Amino acid sequence: MSKPNPFRYFRTSREVIRLAVMMYVRFPLSLRNVEDLLHERGIDVGHESVRFWWMRFGPLFASEIRKARIQRMRSYSNWQWHLDEVFVKINGERHYLWRAVDHEGEVLESFVTKTRDKKAALKFLKKAMRRCGRPEKIVTDKLRSYGAALKEIGAADRQETGRWLNNRAENSHLPLRRRERAMSRFRRMRSLQKFAAVHSSIHNLFNAERSLTSRANFKRNRAVALAEWRNLGTA
């Protein structure tokens, strides 16, 4: 049985909706920036339409991307995770965004909490492992919450800590930081959680590591990613 068409009741074409969602989530643009760029292409939509589209279709697209990639990631025999947390201010209050990144730069999970104690780390790890499985090695910084949480779930022997070992996780925060500045920070914990999950999946799809590959391979990978993006949400 074919899937229901998510674009069924929209007068705007699916190509325009996909383009607007990609521009807003992937690049450090505001809603009005996306509106202006679409206007340059002869597409007359308001910024509130762009907001509605990304909130409606962003999680749908992210879910499809994640399902297509999760089985391939689980097949790695030497799967290694890098865990890190970064503080984010929401209405003047400090919150923490936990992120799990694998050894190839794929963002596996993002989770927002108000604290960074053992309880928060345990909840984050259980959610990540329930969705992605268990890695062979887990690299963290020296925050004690990681060790306590891993000990409780029986994975303390898989933890590694050390200076500069966790640079991959720390560098993975940079694209989201750029988006945070473009959006003039986040205003609700729930909206941060939603955007972080959508952003990480779309970033995984288009992250081609262009500095590590030749120009020909980069162009080939970019074309494959765009082709996969254009097929999202099809019945």
Side-chain angles (χ1 to χ4, degrees), residues 1-74 99 104-110 112 131-132 172 175-176 178-184 186-188 190-210 213 216-235:
M1 187 175 66
S2 62
K3 298 185 295 183
N5 181 11
F7 304 98
R8 180 179 178 183
Y9 299 105
F10 288 82
R11 291 182 296 176
T12 309
S13 68
R14 62 185 67 188
E15 289 78 12
V16 172
I17 293 176
R18 288 198 197 97
L19 177 62
V21 173
M22 182 184 70
M23 291 171 67
Y24 179 68
V25 179
R26 182 185 175 190
F27 302 109
L29 301 172
S30 67
L31 294 168
R32 287 175 172 81
N33 291 151
V34 176
E35 177 185 357
D36 291 341
L37 289 173
L38 291 176
H39 179 72
E40 290 290 333
R41 299 187 176 203
I43 304 171
D44 186 17
V45 297
H47 67 277
E48 287 298 334
S49 296
V50 178
R51 185 200 305 275
F52 179 77
W53 289 344
W54 97 257
M55 294 184 69
R56 173 72 177 269
F57 293 99
L60 174 65
F61 295 160
S63 177
E64 290 190 29
I65 295 171
R66 189 164 48 244
K67 287 179 182 178
R69 303 170 78 87
I70 196 68
Q71 293 300 326
R72 184 172 72 253
M73 292 188 294
R74 283 190 178 191
R99 288 163 67 87
E104 292 193 344
E106 295 273 337
V107 182
L108 306 174
E109 189 62 60
S110 300
V112 185
R131 173 174 289 177
C132 304
S172 73
L176 189 67
R178 288 193 288 267
R179 293 299 296 117
E180 181 186 17
R181 288 193 293 271
M183 299 170 70
S184 300
F186 299 94
R187 292 168 178 79
R188 289 188 301 170
R190 187 174 65 179
S191 63
L192 170 58
Q193 177 67 69
K194 182 176 182 178
F195 186 85
V198 174
H199 180 269
S200 61
S201 292
I202 295 178
H203 180 264
N204 288 341
L205 178 62
F206 291 102
N207 184 23
E209 298 283 351
R210 69 170 64 193
T213 60
N217 288 336
F218 167 71
K219 290 172 65 177
R220 189 180 303 112
N221 294 335
R222 182 174 59 184
V224 171
L226 285 172
E228 184 177 344
W229 176 261
R230 293 186 181 113
N231 289 327
L232 295 177
T234 57

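Just so it is clear, the values below take in all heavy atoms, side chains as well, and ignore hydrogens, waters and symmetry mates. None of these values were measured; they are calculated from a predicted model.
Side-chain contact between Arg18 and Met22: absent, with no pair of heavy atoms (C-beta onward) separated by less than 4.5 Å. In this structure the side chain of Phe7 never reaches within 4.5 angstrom of the side chain of Thr12, judged on heavy atoms. For the pair Met23 and Val50, the minimum side-chain heavy-atom distance is 4.5 Å or more.
Distance CG/Leu205 to CZ/Arg66: 13.0 Å, rounded to 0.5 Å. Here the CZ atom belonging to Arg41 is positioned 5.0 Å from the CG atom belonging to Leu19, to the nearest 0.5 angstrom. To the nearest 0.5 Å, atom CD1 of residue Ile202 and atom CH2 of residue Trp229 are 4.0 Å apart. Once rounded to the nearest 0.5 Å, the distance linking CG of Asn207 with CZ of Arg222 reads 13.5 Å. If you take OG on Ser49 and CG on Leu38, they are separated by 10.0 Å, rounding to the nearest 0.5 Å.
Pairing each heavy atom of His199 with each of Pro175, the nearest pair is CE1-CB, 3.8 Å.
Of the possible donor and acceptor atoms, one in the side chain of Arg99 sits under 3.5 Å from a partner among the backbone N and O of Ser172. Between the side chain of Asn221 and the main chain of Asn217, a donor-acceptor pair closer than 3.5 Å is present. Between the side chain of Asn204 and the main chain of Val107, a donor-acceptor pair closer than 3.5 Å is present.
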Indicate every side-chain donor-acceptor pair of residues 57-65 with a distance under 3.5 Å to a residue at least two apart or in another chain.
residue: Glu64; atom: OE1; partner: Gly233; partner atom: N; Å: 3.2
residue: Glu64; atom: OE2; partner: Gly233; partner atom: N; Å: 3.2

Side-chain donor-acceptor pairs under 3.5 Å in residues 24-32, sequence neighbours left out?
residue: Ser30; atom: OG; partner: Asn33; partner atom: N; Å: 3.2
residue: Ser30; atom: OG; partner: Asn33; partner atom: OD1; Å: 3.0
residue: Arg32; atom: NH2; partner: His47; partner atom: NE2; Å: 3.3

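More than 12 heavy-atom neighbours from other residues, nucleotides or ligands sit within 6.0 angstrom of CD on Glu48.
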